[in-house]
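Notes follow the structure.
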Amino acid sequence: MRNKGIFRMTGIRREIFLYYLIVIIIMSSISILSYYNARNATDRMSGIFADYMELNDLYSSINSLEAEVEKYLSTRSSDALLSYYTLYNELESKSHEMTAGYSYDVESLMMKDIGNMIQNLLIKTDDAINAKRARNSSQYIKSFTEANQIAGYIQSYINELLYNNLDKGAVQYSNIAKNVSYISYLEIFLISGSIALSLFLAVYLTGRITGPLIELSHSAERVSEGDFNVEPLIDITVNDEVKVLADAFGRMLASIKEYIKEIKEQAELKTRLKEAELKALQSQINPHFLFNTLNAASQLAMMEGADKSSEFIGKVASLFRYNLRQMDQPVTLKDEIDNVRNYMDILKTRFGDKVDFEIYADEDILDCKIPVTIIQPVVENAFIHGIEDIEGKGFIKIEARYYKPYIYVKVTDNGKGMDRDTVSKILSPDKNGESSSIGLHNVIKRLMLFYDIENVRDVIEIYSEEGKGTTVSLKLPVKGD
């Protein structure tokens, strides 16, 4: 399927292919015209030179024949005789070729005359050779003289043909030069036109392709910088890949705008839900009337001289005053620990030696901000559900230590402990809160809301064993503010 796509001529690929095809056709036509013109001129000049060389070779052969005959007649050299017969055979063959044609123009007739004269020349030279062999001096001198006369006639004919060929060649060369000049001008015109057309097509094609792409890149850059008020490209009239890309970008931009709108709506809804849930949770621990009543009782006990009762009621009032704080406003870890100490004093006053407490916190984390009222409900839960019903003395230990990136607040008791099902129910996200105003599940929900954490086990861990006690560990991420 992928290979088939390579040969699909659509859109930009078709335009680029047509552009190169036009340029190739123009340049190929110019090349073929130049080749044809050069080949034609070469063939015509080659014909002229071939005729000239043939006549010149014939002229040389006649002279050589006469020289070999004269040499043999004067020296009776066997080498001269051998060379003579070689030239004799060549000239005899050429003479037959020259007389075999049926053309009747002036040059052809002159060539036939030369052929006939060569045959007569060969007869006379052969007579002179034979007379020399027969030692007939008068006869070979006569035959040689006649052969020289015939050779002179042949040479004069050849010279006339050479002059005619030179004149004709000059005329043809002039015509060829004119044709070459015309063809050269035509080639220059075609090359200039093809260059101009190529430049025009290149500028037009690149402009039509890159123009919308440049606008599209500018729009994409604005979108990457957060500016989504970008108008879609609507001036693309050609249906090709660029238009498809622009349409896809427009749809993507519209989808991004719609998605951002949905995110904003969801964020606003989530904020409102958090506020509503925090207010609902706060309403569970907001007994103003009881706080005012305790304050009045503390003042009354002080007026009556009951200092211990006044101190006890004052601590209870401080506990309620602390719990009346806004739940969405954080407090320091020190405030939480002080509130737990106050709660422990109340328990010690009520139950005496039934329970002992121990608190430790790293000094460098006391000023860290954490949600309000998250440790005291855990301590209360440890006392009510873990220690209150056991025989013997109870013990609750609170530790606050920093292990990056969390503050771990551990509440450990030696109470009766819990089974796994009970622990799972406490950590279950869909568990309903207790009817008590302050409960462990209330703490878990507020921690998840405060730190925007969805997994329960990312804010609390519970380790418990029946008969051996329970450890509740709160995981508080350290926030920059």
Side-chain angles (χ1 to χ4, degrees), residues 38-177:
R39 183 65 180 273
N40 185 37
T42 302
D43 291 342
R44 293 174 67 179
M45 294 301 299
S46 297
I48 295 172
F49 285 117
D51 293 341
Y52 180 83
M53 294 300 297
E54 183 179 0
L55 291 174
N56 191 53
D57 291 342
L58 183 61
Y59 191 94
S60 298
S61 298
I62 297 298
N63 289 334
S64 298
L65 181 70
E66 287 186 283
E68 297 298 331
V69 171
E70 184 177 2
K71 184 178 180 181
Y72 177 77
L73 292 179
S74 60
T75 63
R76 296 180 63 87
S77 171
S78 60
D79 292 336
L81 183 62
L82 181 61
S83 298
Y84 164 74
Y85 281 119
T86 301
L87 292 171
Y88 181 93
N89 293 329
E90 291 178 359
L91 290 173
E92 185 179 26
S93 176
K94 287 183 179 180
S95 65
H96 289 303
E97 292 177 0
M98 295 167 67
T99 57
Y102 294 98
S103 300
Y104 296 100
D105 57 279
V106 175
E107 290 186 2
S108 298
L109 292 176
M110 290 182 68
M111 291 295 291
K112 287 183 177 182
D113 291 340
I114 290 173
N116 292 325
M117 286 189 289
I118 289 174
Q119 292 178 3
N120 292 329
L121 173 64
L122 295 177
I123 292 173
K124 294 301 180 180
T125 56
D126 198 45
D127 290 343
I129 292 296
N130 292 330
K132 179 64 178 177
R133 287 179 175 178
R135 300 180 182 276
N136 188 348
S137 301
S138 59
Q139 182 62 37
Y140 78 74
I141 292 173
K142 178 181 177 182
S143 298
F144 182 70
T145 301
E146 292 177 352
N148 283 337
Q149 291 177 350
I150 295 172
Y153 294 142
I154 293 173
Q155 290 172 351
S156 64
Y157 269 62
I158 290 175
N159 287 332
E160 185 176 356
L161 284 175
L162 286 174
Y163 292 143
N164 291 337
N165 284 337
L166 286 176
D167 291 339
K168 184 172 68 174
V171 174
Q172 291 182 354
Y173 178 79
S174 177
N175 293 332
I176 291 172

How many angstroms lie between [atom1] in [X] and [atom2] in [Y], if you round to the nearest 0.5 Å?
| X | Y | atom1 | atom2 | answer |
| --- | --- | --- | --- | --- |
| Leu58 | Asn63 | CG | CG | 10.0 Å |
| Glu66 | Leu121 | CD | CG | 6.5 Å |
| Leu81 | Ile129 | CG | CD1 | 6.0 Å |
| Lys112 | Asn116 | NZ | CG | 9.0 Å |
| Lys142 | Asn136 | NZ | CG | 10.5 Å |
| Thr145 | Ile150 | OG1 | CD1 | 11.0 Å |

Practice item. Would you check, one step at a time, whether the test side-chain hydrogen bond (donor to acceptor under 3.5 Å, both in side chains) holds for Ser143 with Gln139? Key: CA-CA 6 Å; Ser143 298; Gln139 182 62 37; 3.3 Å; yes
Check whether [X] reaches the backbone of [Y] with its side chain - one donor and one acceptor, N or O, closer than 3.5 Å.
| X | Y | value |
| --- | --- | --- |
| Ser95 | Glu92 | yes |
| Ser61 | Asp57 | yes |
| Asp126 | Leu122 | no |

Practice item. Give the intermediate values and the outcome of side chain to side chain contact (heavy atoms under 4.5 Å, CB included) for residues Tyr72 and Arg133. Key: CA-CA 10 Å; Tyr72 177 77; Arg133 287 179 175 178; 3.4 Å; yes
Check your understanding: Above 12 or not: heavy atoms from other molecules or residues under 6.0 Å from OH of Tyr153?
Key ->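 Atom OH in Tyr153 is not packed in, count stays at 12 or less.
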Point to revise | Glu146 atom CD, neighbour heavy-atom count above 12 within 6.0 Å | key: yes
Exercise for review: Classify the ring geometry between Tyr88 and Tyr84 as parallel (under 30°), tilted (30 to 60°) or perpendicular (over 60°).
Suggested key: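 Correct class here is tilted.
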Exercise for review: Go through the steps for Leu91 and Ile62 under the test side chain to side chain contact (heavy atoms under 4.5 Å, CB included), then give the verdict.
Suggested key: CA-CA 8 Å; Leu91 290 173; Ile62 297 298; 4.0 Å; yes
